[in-house]
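The structure appears below as structure tokens.
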There are 2 protein chains.
Amino acid sequence: MKKTIDVTDDQQIQVFKALADPVRLAVLKYLKHCEEPVSCGVVGKALGISKTSGSYHFKLLEAAGLITAEKIAREKYVQLQPATFERYLTNFYDQL
Amino acid sequence: MKKTIDVTDDQQIQVFKALADPVRLAVLKYLKHCEEPVSCGVVGKALGISKTSGSYHFKLLEAAGLITAEKIAREKYVQLQPATFERYLTNFYDQL
DNA sequence: TAAATAGTTCAAAAACTTTTGAACTATTTA
DNA sequence: TAAATAGTTCAAAAGTTTTTGAACTATTTA
């Protein structure tokens, strides 16, 4: 059955879905301790996830706006986007 | 495949999973505008969800600590638990 | 006491998400 | 130029979540 309750919360729900997974939480945690953008390969290796699975999770995190990505030649460099956390989490309760 | 990345984030992930669904977000939104505890039946009817499905969603919200529930005779009265939002969302980024 | 009401539980079905491996594109290195 | 490396895409398989209806318990109302 398709969800029909509210259609205005899309970005909010995408953010929560992106956060509701241990692999993606581990990715965010890893990135939090990087000063610089890091390549997907480096993150994936550090966490022991396959490149296909990595590709899937980085796509979701980017779609949710929790990370940004820049492709430089062969590699894709990712970094946290703190403004999205601020916007969708920090005041979530008051904005409910 | 079982998730093996981190086993300490259980409550955090339960909270995000609970929030990553439009029915449950609608329940929380509804409760936000209630001064008093409300019965599950009243909420369910207001949102047009079946009682079985309501029972399932209220259980998840309660397990995540986002609502508390008190059974009074036939009825179960639910209300938001703002401390959980505060604890798991407000400073999520800094706690990462 | 019988019928109605509030909610739970259970198992099956439906829907959705994640992992996997193979095949692919593009870039770099030997 | 060939081989290696970084990442993507695709379809199938595996896993998880949500909905459904029927059967149930407990309380209330007639």
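Judged by a 6.0 Å distance limit and a 45° cone about the ring axis, Lys32(A) is positioned over the six-membered ring of Tyr93(B).
Listed by first residue number, the stems of DNA chain C with at least three Watson-Crick or G-U pairs below 3.5 Å are C:1-30 with D:1-30.
Gln11(A) and Ala64(A) get closest at one heavy-atom pair: NE2-O, 3.2 Å. Among all heavy-atom pairs drawn from Gln12(A) and Leu25(B), the shortest one is CG-CD2, 4.4 Å.
Under the 4.5 Å side-chain criterion, counting only non-hydrogen atoms from C-beta, Cys40(A) is in contact with Val78(A). Side-chain contact between Gln81(B) and Ile67(B) is absent, with no heavy atoms from C-beta onward closer than 4.5 Å. Counting heavy atoms from C-beta on, the side chains of Leu66(A) and Leu80(A) never come closer than 4.5 Å. No side-chain heavy atom of Val38(B) sits under 4.5 Å from any side-chain heavy atom of Gln79(B). Contact check for Tyr77(A) versus Ile72(A): side-chain heavy atoms found under the 4.5 Å cut-off.
If you check dA6(D), dT8(D), dC10(C) against the side chain of Lys45(A), the one that comes closest is dA6(D).
In this structure, Ile49(A) atom CD1 and dT18(C) atom P are separated by 12 Å, rounded to whole Å. In this structure, Leu47(A) places its CG atom 16 Å from C1' of dT19(C), rounding to the nearest Å. One interatomic measurement links the two molecules: NZ of Lys51(A) to C1' of dT5(D), which rounds to 8 Å at whole-angstrom precision. With rounding to whole Å, Ile13(A) atom CD1 is found 13 Å from dC16(C) atom P. The interatomic distance linking Tyr56(A) (OH) with dC16(C) (P) rounds to 13 Å, in whole Å. Between the NE2 atom of His57(A) and the C1' atom of dT8(D) there is a distance of 15 Å, given to the nearest Å. Spacing between atom CD of Gln14(B) and atom P of dT17(D) amounts to 10 Å, rounded to whole angstrom units.
Within residues 58-77 of chain A, the residues having any heavy atom under 4.0 Å from DNA chain C are, by residue number, Leu60(A), Ala73(A), Arg74(A). Near DNA chain C, meaning a heavy atom under 4.0 Å away, the residues from residues 32-42 of chain B are Ser39(B), Cys40(B), Gly41(B).
For Phe92(B) and Tyr88(A), the gap between ring centers reaches or exceeds 6.0 Å.
At the phosphate of dT19(C), OP1 or OP2 sits under 4.0 Å from a side-chain N or O atom of Ser53(A).
Between the CD atom in Gln95(B) and the NZ atom in Lys29(A) there is a gap of 10.5 Å [rounded to 0.5 Å]. Separating the CG atom in Leu19(B) from the CG atom in Leu89(B) is a distance of 6.0 Å, to the nearest 0.5 Å.
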